[in-house]
Amino acid sequence: MIAKLEAQDVRLDYLQPRSNSQLRALAGIDLKVMDGEFVSIVGPSGCGKTTFLSVVDGLIPASAGRILVDGRVVTKPGPDRAVVFQDASLLPWRTVLGNVRYGLECLKVGAREAKERATHFINLVGLSGFEDHYPYELSGGMQQRVNLARALVVDPKILLMDEPFASLDAQTREVMQEELLQIWLKAKKTVLFVTHQIDEAIYLSDRVIVFSGRPGRVKQSIPVTIERPRRLAVKREAHFHGIEDAIWSLIEEDVRAERNQVTLT
Amino acid sequence: MPAAVRAYLAHERVILGTLMVLLLLIAWEGLERGWWADALRPLLGDSAQRLRLKPIFISSPTLIAAAAFRMFFVTGEIWRDLAWSSAGYLLGLVLAVAIGIPLGLAGGWYRRLSYAVQPFLAALNATPQVAFLPLIIIWVGTGLSERVLIIFLLAVLPLAINAHAAVRTTDPRLIKVAGSFGASEWQLFRTIILPSSVPFLLAGLRLAIGRGMIGVVVGEIYGSAAGLGAMINQAGARFQTDRVFVGVLTIVAAGVILVEVVQRIERRVEIWRTPA
């Protein structure tokens, strides 16, 4: 079976303008995400997981290797992939409706159809009644729902999520995780989800991919066999903690190595 | 708290402001009429006479009001000056907006254009633009075009510089959003750059309005047949101080009204801003 999304030996080198030296951010990423699969990437901070997501989206060109969607090479952003950004990054001068409609405008979808589709997804993320509100009038959690609806509305095959709940408070985050799963079940999308929170990755995913410290490479891929639908309470079960420990021990040595490097330099 | 105190606190800003203006007007009137000189004579003797100033020197609020009434409603002479100045001012300002804003936006967008125009903008910004007036007169003479040009020159810089800064400070995260949704360059400009620039452009317009007013006065000093600037200049040469003040206050009023209009637009356009 052909993978929905495939990264083949993706490398990325940055030119650091100040020292004029090459910095390797990604050192050959290979991974496959199957259709409808929910895959998370975790790793120590600075491991390039967000950068990798930008490469998959096509915002940053890879230095080597390639990205395939349904077996076809992609090099630019396209409507087959949509990003849910880390900070909601909503257009502050647009209302909720105007923000959700944004991607459709870029695709030149007619005004009436755009409004219909946008309204559908505003309802799906539970924001009906807030269509005419401006972003500053919304809480952080609500802004992230708009962010999610904005990505879903262009009907992408793959949803790329970049630590979307990182800036939310702990309780809101938990609720949003549960809601994301419900929306994911309804929308039937393939998801690549970047996070630094191990429990979030396990709770959401079919598979957790652990990145090594910089330069980023795939250290291990860990399947999560917890039955769906998952309730939030599953996070407190022994089985869950077992996976959490396994992933943490993989990341721990890189975090410590990074720390030592920092103290050395 | 007594009701009177509460009423005062509720309108403190207006009351204090008005009070200060009234005090100034009374002090001024008293200087011209010799109120203070007479009142302080027992105390200061003859030196109190220094507080009696000639009308030719400072005029007085009532003299100015009388002159204004005459000029606006009896002879009506000021309307011609007002129309004359407004024509040059509006033409200069429109020209400055039409050239300055697109130039600034383009400079912020195209790095190479920015590099090419930078030396001129920097030089122009560092010079008092009125220094160019003799050159302008050599080139186009002393007429409407001279006045329009100097007003344009004064008003164009804040517009161009603000437009340039507006593009440069566009939130990179929003540019990324547009890129991710596959927006074309034109779509990026129209949906992200332009809307996020509007507050900067309006702020630039407010500055341009004030600087254009300088152009009105300065541009009409040389051989202009009419206009508020010319009127002020001629009245000053004849020591008609009250007429000078009428001209100055008319310009002040026009400036305040225009800035207020822009601020109204700003408030309407920026309802999406977080209320501070």
Side-chain angles (χ1 to χ4, degrees), chain A residues 50-51 53-61 74-96 98-109 114 132-138 143 146-147 150-156 158-162 167, chain B residues 101 104-105 108-109 111-112 114-115 118 162-206 262-276:
Chain A
T50 290
T51 310
L53 212 63
S54 289
V55 174
V56 173
D57 188 37
L59 282 171
I60 301 177
V74 291
T75 53
K76 281 190 316 217
D80 50 357
R81 287 145 293 150
V83 181
V84 180
F85 292 88
Q86 181 168 4
D87 351 76
S89 301
L90 302 177
L91 279 49
W93 52 84
R94 286 187 176 220
T95 60
V96 168
N99 267 291
V100 175
R101 219 169 42 189
Y102 184 73
L104 296 175
E105 281 173 35
C106 290
L107 293 170
K108 301 209 164 74
V109 173
D132 296 327
H133 283 59
Y134 285 94
Y136 79 85
E137 300 172 298
L138 306 178
Q143 292 190 9
V146 180
N147 192 7
R150 176 174 66 182
L152 286 170
V153 79
V154 295
D155 195 21
I158 301 161
L159 213 50
L160 305 171
M161 305 187 72
D162 182 12
S167 58
Chain B
I101 288 183
L105 290 176
W109 192 234
R111 208 153 27 98
R112 290 206 174 90
S114 168
Y115 294 159
Q118 205 73 61
N162 271 32
H164 183 268
V167 177
R168 280 312 178 80
T169 54
T170 307
D171 189 343
R173 292 173 304 180
L174 300 184
I175 295 178
K176 215 169 132 184
V177 170
S180 173
F181 281 111
S184 64
E185 206 167 347
W186 166 242
Q187 281 173 331
L188 171 61
F189 178 78
R190 200 178 53 79
T191 61
I192 308 284
I193 311 277
L194 203 55
S196 78
S197 297
V198 167
F200 285 83
L201 301 184
L202 288 172
L205 185 59
R206 262 192 292 146
V262 174
Q263 275 173 338
R264 291 250 166 121
I265 298 173
E266 277 179 316
R267 279 198 291 271
R268 176 159 301 188
V269 170
E270 294 171 23
I271 45 168
W272 51 268
R273 285 236 169 164
T274 325

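Values reported hereafter were calculated over all heavy atoms of this structure, with side chains retained and with hydrogens, waters and symmetry mates removed. Per chain, numbering begins at 1; letters A, B, ... match sequence-line order.
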Problem set entry | Residue part contacting chain B, namely of A:P79, when any heavy atom lies under 4.5 Å | neither
Exercise. Between B:T191 and A:L91, what is the shortest heavy-atom contact and its length?
Worked result: O-CD2, 4.0 Å
Seminar exercise, completed: Bottom line for A:V154: the part with an atom under 4.5 Å from chain B's heavy atoms is side chain
Seminar exercise, completed: For A:L59 and B:S180, the nearest pair of non-hydrogen atoms, with its separation, is CD2-N, 3.7 Å
Seminar exercise, completed: Comparing A:L107, A:D87, A:L90, A:L104 against chain B, the one with the most heavy-atom pairs below 4.5 Å turns out to be A:D87
For this session: Taking all heavy atoms of B:W272 and all of A:P92, pick out the closest pair and write down the distance.
Result: CB-O, 3.0 Å
Problem set entry | Minimal non-hydrogen separation, B:Q187 against A:C106, with atom names | NE2-O, 3.2 Å
Exercise. Does A:F85 reach the side chain of B:L174, with side-chain heavy atoms less than 4.5 Å apart?
Worked result: no
Exercise. Which atoms of A:T95 come close to chain B, meaning under 4.5 Å heavy atom to heavy atom: side chain ones, backbone ones, both, or neither?
Worked result: neither
For this session: Give, as side chain, backbone, both or neither, the part of A:R150 having an atom under 4.5 angstrom from any heavy atom of chain B.
Result: both
Problem set entry | Region of B:S196 that comes under 4.5 Å of a non-hydrogen atom in chain A | both
Seminar exercise, completed: dist A:D162:CG -> B:K176:NZ (nearest 0.5 Å) comes out at 6.0 Å
Problem set entry | Engaged part of A:L160 at the chain B interface, taking heavy atoms whose separation is under 4.5 Å | neither
For this session: Report yes if some heavy atom in the side chain of A:R94 is under 4.5 Å from a heavy atom in the side chain of B:P195; otherwise report no.
Result: no
Seminar exercise, completed: For B:G182 and A:P77 the tightest heavy-atom approach is N-CB, 4.5 Å
